[in-house]
Each structure stands twice: as C-alpha cells, then as structure tokens.
Amino acid sequence: RERYSNASERYSKAIECGLRNAEIYIKKGDASRKLKYFENAIRSYKQAIDCSDFTSKERETLYINFGDALGHLEKSSPELTPNVKDDDSEIEKQNLALLYNAWGVTLYSFNRYVEAKDKFKEAIDLDPDENIFSSNLGVVLTNLKDYDEALESFNRSINKSLNKYKKQNNRQTVDCLPKHKIYEELRAILVGSNSGLEDSKKELRLSASNYYLEKATVLKKLGQYDKVEESYKRAQCLDKEYIYALLDTVLCLWDKGDYRQVFGKKDDVEELYFRTIKKEKRKLTSYYFWRFGYVFSNIFYDLENAVEAYNT
C-alpha cells in the first residue's frame, strides 16, 4: 500500500510541474485504484482520455480499468460517468463498450446483478458484434433466473463467435467430427483445405464451445435434458479436449437414465484423463481432478482412478 501511495504522490507532483500526458494520468489512476480511491482513479482516467498520446492497446486497458473503478462505487454520479455521443467514432464506441463490460463484471462480482445486466446491455448497444458481452449478459440473467432471455443471449454469443470464425476464412479438416445430423452446421464451418489454427481463430472456436456449455447450464435448470446433451456435444465438437464438455455430457446422460450411452463413453473419459494428466501433464486446477474423481467414483465405480484423481 505504501508503494502505491508513494507512486500516486510522485505522479501528482509530476502533473503539478506541468508533465501532463496520458501515461502519467493512467499511472496515477492505477495507483489510486489499487489504493481503493476509486473516485480519484476515475478522475485521472477521465483526464487521460482527453489526451491522445497513447496506443490503441493502452486506450483499451484504460477503459477497462475505468469501468472496473466505476463498478466499485456504491453509486456513480453523472460527472464521473463517461459520456456517449452520437458522433463518437466506431473505435471510441468499442472502447466505451469495453468500459461498460468491465463495469458490469465488477458489479456482478459484488452480486449486483440488476445493475450488471444494465451495463452489459449498454456494452452490447455500443458494440453489437462482440460475442463476450452477450455471454456475460447471459450469465447475469441466469443468476436472475430469467432463463429464457439467458438462452437468447447465449445463442447470440454462439452465432456471433461462429460468424466471426467463418469470416476469418478458416477452412481446415477436422477428422474427429462424427457425421451425425447435429454436427452438420459446425462441420460446414470447420471442414476445408487450410491447415492449422491461428490464435484468434482458435480463441473464437473455444469461445463458442464455452457458450454452448453456458447454454447447457440454463437448459438444465429448465429440465430440457435432450437440448442439454446437444449443447454439450456441440461444445465437445468445437473443442474435443475440453474436459467439462465430455464429463458434463456423461453426467447429463446419467441424469436422463441413459446408462448405455454413459458406459459407452467410459473409454473416452479414461483416454482423456490419461492423455491430459499423465502423458501431456497439463497443469490443471484442483477442480478438474475433483471432476474426474467424481465421474470415476460415482458413475463408473472405478475406485483406483477415482482415488488417484482425488489425491492429485
């Protein structure tokens, strides 16, 4: 705390001496935010926005930190809230959307769901093409038990991320995809001639996989288990190594009483477990190991693997 306090004091003195640029205001704002002086941080960020001597990445980070600071206030006053103007450029609107999204995320972390919902909606209005904003809105709507609207939000997130994926002209062969009817839509996107995935394309694909899992959570609350299974399968299709997708598919089939399919997936679960944990030695959180342990012990009655997973 003393380090941030000293830093804030140095930046204030620099400003008093006439050194007024975006970097100084941003650093002063960051120091104030670390000290939990959120109103001071916001004022520094607003002064930084009035400057123009920083990169687009720095501007994005500025708006995100600005939004986080706003989320920590009990109530934001108009003079602290950024103004959205009709003549703002598209880039400025996208940056403001990042601000409102960060604002919503912080409010959500404090269980202020109604306020968070409003901020996510504002972010979507400013940048309708960004899939993460719709996903965040879906999460907060799920907590508000507005399941129908949450489903719509997750569907929009899925469509946005897959459409971006298409536009990036990613057409590579994915041999793992089965020719089942529910995969036709995804195969049309994934099958083609190019080899390999660029990071941005992979991120979009994994985002869509995650949105299907979020959607499955809502469908489960509504008791629509057939659709839950379909969402898990689509998630697994987009990311065959995504642990949640396979394990949650097994748990969904178990809840349905479809034991034949459950035990038909035992080899898949074991293969994923041994590959990710023993061969590739991935660094996973304890929750992943607990998840494997639960499936091995409570569904497959494979106590040896269950004990190993729980111990790990």
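Computed from a prediction, not measured in an experiment: that's the story for all the values here.
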Pick out which of Leu107, Thr106, Asn101 makes a side chain to side chain contact (heavy atoms under 4.5 Å, CB included) with Trp103.
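In the set Leu107, Thr106, Asn101, the residue that makes a side chain to side chain contact (heavy atoms under 4.5 Å, CB included) with Trp103 is Leu107.
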
Is there a chain of hydrophobic side chains (I, L, V, M, F, W, Y, each step under 4.5 Å between heavy atoms) that links [X] to [Y]?
| X | Y | result |
| --- | --- | --- |
| Tyr294 | Phe263 | yes |
| Phe110 | Tyr113 | no |
| Val250 | Leu303 | no |
| Val307 | Val295 | no |
| Trp290 | Trp254 | yes |

Indicate whether the side chain of [X] and that of [Y] have a donor and an acceptor atom separated by less than 3.5 Å.
| X | Y | value |
| --- | --- | --- |
| Glu92 | Tyr63 | yes |
| Asp68 | Asn65 | no |
| Arg156 | Ser153 | yes |
| Asp125 | Tyr100 | no |
| Asn155 | Tyr211 | no |

4.5 Å side-chain heavy-atom contact, [X] and [Y]:
| X | Y | value |
| --- | --- | --- |
| Val218 | Lys221 | no |
| Leu99 | Ile64 | no |
| Val139 | Phe154 | yes |
| Asp129 | Lys160 | no |

Parallel, tilted or perpendicular, as decided by the 30° and 60° cut-offs, for the rings of Phe300 and Phe296
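Answer is tilted, since the angle falls between 30° and 60°.
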
Measure up the Phe38 and His72 rings against each other and bin them: parallel (under 30°), tilted (30 to 60°), perpendicular (over 60°).
parallel

Start with the C-alpha distance between Asn95 and Glu60, add both sets of side-chain angles, then the distance that settles side chain to side chain contact (heavy atoms under 4.5 Å, CB included), and finish with yes or no.
CA-CA 6 Å; Asn95 286 325; Glu60 286 179 8; 3.5 Å; yes

Count the heavy atoms of every other residue, nucleotide or ligand shown that sit under 6.0 Å from [atom1] of [X], and state whether that count exceeds 12.
| X | atom1 | answer |
| --- | --- | --- |
| Tyr147 | OH | yes |
| Leu144 | CG | yes |
| Lys266 | NZ | yes |

Does a side-chain N-to-carboxylate-O contact under 4.0 Å join Lys117 and Asp146?
no

Carboxylate-amine/guanidinium proximity below 4.0 Å for Glu149 and Lys121:
yes

Minimum-distance pair of heavy atoms, taken over all atoms of Ser135 and Ser157
N-OG, 2.7 Å

For the atom pair OH (Tyr212) and CD (Glu230), what is the distance rounded to the nearest 0.5 Å?
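Rounded to the nearest 0.5 Å, the OH-CD separation comes out at 8.0 Å.
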
Reported CG-to-CG distance for the pair Asp148 and Leu222, which is rounded to 0.5 angstrom:
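Separation between the atoms: 6.5 Å.
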
Under the criterion ring pair (Phe, Tyr, Trp, His ring centres under 6.0 Å), I'd like the reasoning laid out for Phe120 against Phe133: C-alpha separation, chi angles, the key distance, then a yes or no.
CA-CA 6 Å; Phe120 291 139; Phe133 303 156; 8.2 Å; no

